[in-house]
Novice: 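Before anything else, here's the structure in question.
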2 protein chains.
Amino acid sequence: MSKQKRVTSYDVAREAGVSQSAVSRVFRPGFSVSKKTREKVVATANEMGYRPNAIARMLITKQSGMVAVILSSRANLNYPEVLSELNKELALNNKRVLLFTLDDADELDELLENIWTFQVDGVIALAAHFDSKSLDLFAKHSTPIVLYNRNVPESNANTVCCNHDKGIKQLIDLLHQSNHKSYLIIAGPDDSDVANERREIAQNYLHTLGIQNTPVIYGDYGYKSARSALENWLKTNTLPDAIICSNDVMAIGVIDEIKQNLNLSVPDDVSVVGFDGISAASWYNYQITTIQQPMKQLTKAAVDILMERIENPQAAAEARVFTGSLITGNSIKTR
Amino acid sequence: MSKQKRVTSYDVAREAGVSQSAVSRVFRPGFSVSKKTREKVVATANEMGYRPNAIARMLITKQSGMVAVILSSRANLNYPEVLSELNKELALNNKRVLLFTLDDADELDELLENIWTFQVDGVIALAAHFDSKSLDLFAKHSTPIVLYNRNVPESNANTVCCNHDKGIKQLIDLLHQSNHKSYLIIAGPDDSDVANERREIAQNYLHTLGIQNTPVIYGDYGYKSARSALENWLKTNTLPDAIICSNDVMAIGVIDEIKQNLNLSVPDDVSVVGFDGISAASWYNYQITTIQQPMKQLTKAAVDILMERIENPQAAAEARVFTGSLITGNSIKTR
DNA sequence: ATTAATAATGACTTCGAATGCAATATAGAT
DNA sequence: ATCTATATTGCATTCGAAGTCATTATTAAT
């Protein structure tokens, strides 16, 4: 009934009549042990219920086998899936995910303290903003970090990213080619880097196509926020030909707002495009034309880069960009 | 440029002209250190960039400060949010989440090995099935475990759970009172305990109300699965008065299937209820009458119970059940 | 000033596995 | 059988912080 004492390598060694080193070597791959000893040790270990203590191993090898994954609340809705995918991918590389969340920028210091403390082998940051000062800190601690879905061309950070530029231009081309003249952009929260990137790309490209001063309104990536943003805007403006939404959830909100409150329909009265390719985007009531993020490629690449950096910390930074795939829905009208 | 050597408590001690013990005490709360020493140590520590090594601390204190969270792929769609909520709640208790996934039952042994290895302080299992044999193993290792959203009345496991019984009966009462006579149940995958529980409750309660042999068809909790299950079933059957879906996503699938392929509508031609209270359930096109799981209460309770068990491992097992709240949508017709 | 009570300190050991090194055993060659 | 070359083995040390305990400094009380 008492707090049961853990079985250590010494216990097994004593019982099996070998040294502690021998036990240790049996549980390390690629170390030289005679068949006889190995069998003896494995047998007693199983009998006694011995498992090497990962903590002790971490201390001496200076490898925790853990990767910090930083989630920010600004994360887009498909991030949970990303997390589970990352976890699987990292498990294949014998790494465990230690989860951290970063909600306020001013918690950053505390977060970093925590990360150093846990001696993680590497870090993957989802949608969190890291300025170059923080990135330098990672370099100083020689902790590799990969930024997920961020594109920081000027910096020398490791990043994986969906090609927002290409994707958004592709959507806008579709709209432009089918003769849409006036546009409205519904952007994500302006403290999200991804949101800003998507907004800017759309603004600039429309400008390039000769469409000046496209209005922008802001949501928080959520359904309601898009609806009320649009509702507000329409109090003093008229419906454009097309609405470019920074993600699918907001596109869904927009479609519902148009249907319910304006009694109009998409794409007949206005075209809508989204971004992300979440599953709801293809539900019968929406069928949004959007860009699907290549999530599995992105997560795999993030893990690959991280593993490479853990192996070889001085390697140069790398940015991998993946092209999303166009999902042709039924939310664009040919005018 | 070389792999930089970590700063240890000895380094700080030497620099500050105190003993290593002194440094250690400065960084432990509630230990007796003179103001002078504390200031000296804190100053040099900051200067040298010293942070206590959590791994070494774990080894000596035998507390890893980590809680394993086990995700199964059978998890319902709202689990990602649960994960992030759990993480926050645990962080408040100074615990970190170490993520594990369990996809196949036959990976269980490996998973458990891993968990013991990492010396986690406790475990929270989301939707994963643990038989009493595995639960005994946790007891043997004196690792507290809390099952999230499982109700195992006979066992002495720690569980938190939404009151499926009450919720589902509430929904069925609504249907029954508004004069629905014939029913169809769309259940979740039959290797999910929660799915089976929900199905059984519905079946039994309908039976209690005098409605015999309600047909059951199965989906996998996903949109498409519900649509095709219903489509198949309708090849040889006619539409019932009401369809009881084991989760909201399948209810959404059903509504779309009815609209798109049958050209009928909900609730005019058939009533539909769901379960979970996900955000999409209240989107304009669906407005499902459903039961919202009290997710924050559930997660908080799971963490509370776990913390109590970590404090006091011999305490008796506890099951906390929370009542979900009815969301009145527009998917039930008064007949 | 003296004593008693308390606070602060450092030397040393501990946690549990990994590993360099020297010692020993085994296999292979002649 | 003898001598190398190679494979195994165990000893002793290491990782970095925590905590016990005996010692010393400080404070309070008389």
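All of these numbers come straight from a predicted model, not from anything done at the bench. Per chain, numbering begins at 1; letters A, B, ... match sequence-line order.
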Novice: How would you label the contact of F31(B) with the nucleic acid (heavy atoms, under 4.0 Å): base, sugar-phosphate, or nothing?
Specialist: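 Result for F31(B) = sugar-phosphate.
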Novice: Using 0.5 Å steps for rounding, measure from the CD1 atom of I145(B) to the CG atom of L135(B).
Specialist: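 Going from the CD1 atom of I145(B) to the CG atom of L135(B) covers 6.0 Å.
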Novice: Distances under 3.5 Å between protein N/O atoms and the N/O atoms of nucleotides 24-26 of chain D, please, pair by pair.
Specialist:
none

Novice: Between the protein and nucleotides 4-8 of chain D, which nitrogen or oxygen pairs come in under 3.5 angstrom?
Specialist:
| from | atom 1 | to | atom 2 | distance (Å) |
| --- | --- | --- | --- | --- |
| dT8(D) | OP2 | S32(A) | OG | 2.7 |

Novice: Are the charged groups of D136(A) and K133(A) less than 4.0 angstrom apart, N to O?
Specialist: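 Result for this pair is no, no salt bridge flagged.
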Novice: Which word best sums up how the rings of F130(B) and F138(B) line up, parallel for under 30°, tilted for 30 to 60°, or perpendicular for over 60°?
Specialist: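 Perpendicular, since the angle between the ring planes exceeds 60°.
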Novice: Which side-chain N or O atoms in residues 298-306 of chain B pair as donor and acceptor under 3.5 Å with protein atoms at least two apart or in another chain?
Specialist:
| from | atom 1 | to | atom 2 | distance (Å) |
| --- | --- | --- | --- | --- |
| T299(B) | OG1 | M295(B) | O | 3.1 |
| T299(B) | OG1 | K296(B) | O | 3.0 |
| K300(B) | NZ | D304(B) | OD2 | 3.1 |

Novice: Please tell me if the side chains of V160(B) and E318(B) come closer than 4.5 Å, counting only heavy atoms from C-beta onward.
Specialist: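 With C-beta onward as the side chain, the pair stays apart.
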Novice: Would you kindly say whether N149(B) and Q293(B) are connected by a side-chain donor-acceptor distance under 3.5 Å?
Specialist: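 Looking only at side-chain atoms, Q293(B) and N149(B) do form a donor-acceptor pair, the distance falling under 3.5 Å.
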Novice: Identify each atom pair where a protein N or O and an N or O of nucleotides 21-25 of chain C are less than 3.5 Å apart, giving names and distance.
Specialist:
none

Novice: Quick one: salt bridge (Lys or Arg N to Asp or Glu O under 4.0 Å) partners of E47(B), sequence neighbours excluded?
Specialist: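 Applying salt bridge (Lys or Arg N to Asp or Glu O under 4.0 Å) to E47(B) gives none.
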Novice: With no hydrogens and no angle check, just 3.5 Å: does a side-chain donor-acceptor pair link D131(B) and S134(B)?
Specialist: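 The answer is yes; a qualifying pair exists.
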Novice: Taking distance alone, no hydrogens or angles, what donor-acceptor pairs closer than 3.5 Å link side-chain atoms of residues 48-57 of chain B to residues at least two apart or in another chain?
Specialist:
| from | atom 1 | to | atom 2 | distance (Å) |
| --- | --- | --- | --- | --- |
| R51(B) | NE | E113(A) | OE1 | 2.7 |
| R51(B) | NH1 | E113(A) | OE1 | 2.8 |
| N53(B) | OD1 | I55(B) | N | 2.8 |
| N53(B) | OD1 | A56(B) | N | 3.2 |

Novice: What parts of residues 113-123 of chain A reach DNA chain D, counting only heavy atoms under 4.0 Å away?
Specialist: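 Hits under 4.0 Å, by residue number: none.
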Novice: Under the side chain to side chain contact (heavy atoms under 4.5 Å, CB included) rule, collect the residues that match up with N196(B), sequence neighbours excluded.
Specialist: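 Counting only residues at least two positions away or on another chain, N196(B) forms a side chain to side chain contact (heavy atoms under 4.5 Å, CB included) with D190(B), R199(B).
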Novice: Do T61(B) and dC15(C) share a donor-acceptor pair, side chain to base, under 3.5 Å?
Specialist: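 Flag unset: no donor-acceptor pair detected.
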Novice: How would you list all residue pairs meeting side chain to side chain donor-acceptor pair (under 3.5 Å) that involve residues 23-32 of chain A, not counting sequence neighbours?
Specialist: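 Every pair satisfying side chain to side chain donor-acceptor pair (under 3.5 Å) with a residue in residues 23-32 of chain A: there are none.
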Novice: Rounded to whole Å, please give me the gap between CE in M58(B) and P in dG19(D).
Specialist: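 Spelled out: CE on M58(B) to P on dG19(D) is 15 Å.
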Novice: With 3.5 Å as the limit, what N/O pairs link the protein to nucleotides 15-17 of chain D?
Specialist:
| from | atom 1 | to | atom 2 | distance (Å) |
| --- | --- | --- | --- | --- |
| dA17(D) | OP1 | Y50(B) | OH | 3.0 |
| dA17(D) | OP1 | N53(B) | N | 3.1 |
| dA17(D) | OP2 | S9(B) | N | 2.4 |
| dA17(D) | OP2 | S9(B) | OG | 2.9 |
| dA17(D) | O5' | Y50(B) | OH | 3.4 |

Novice: When you measure from the side-chain N and O atoms of S19(A) to the phosphate of dG10(D), is any distance below 4.0 Å, counting only OP1 and OP2?
Specialist: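 So the side chain of S19(A) is within the cut-off, an N or O lying under 4.0 Å from OP1 or OP2 of dG10(D).
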Novice: When I70(B) is tested against each of L99(B), L126(B), L108(B), V123(B) for side chain to side chain contact (heavy atoms under 4.5 Å, CB included), which residue passes?
Specialist: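 Going through the options one by one, the only one that passes is V123(B).
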Novice: Have a look at V18(B) and say if it touches a base, only the backbone sugar-phosphate, or nothing, with a 4.0 Å heavy-atom cut-off.
Specialist: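 Sugar-phosphate contact only - V18(B) comes under 4.0 Å of backbone atoms but never of a base.
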Novice: For E39(B), what residues pass the side chain to side chain contact (heavy atoms under 4.5 Å, CB included) criterion, not counting sequence neighbours?
Specialist: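 Partners of E39(B) by the side chain to side chain contact (heavy atoms under 4.5 Å, CB included) criterion, ordered by chain and then number, come out as K35(B).
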Novice: Kindly compute the distance separating CG (L90(B)) from NZ (K88(B)), expressed to the nearest 0.5 Å.
Specialist: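 Atom-to-atom, L90(B):CG and K88(B):NZ are 12.5 Å apart.
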Novice: For T143(A), what residues pass the side chain to side chain donor-acceptor pair (under 3.5 Å) criterion, not counting sequence neighbours?
Specialist: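 Residues passing side chain to side chain donor-acceptor pair (under 3.5 Å) with T143(A): none at all.
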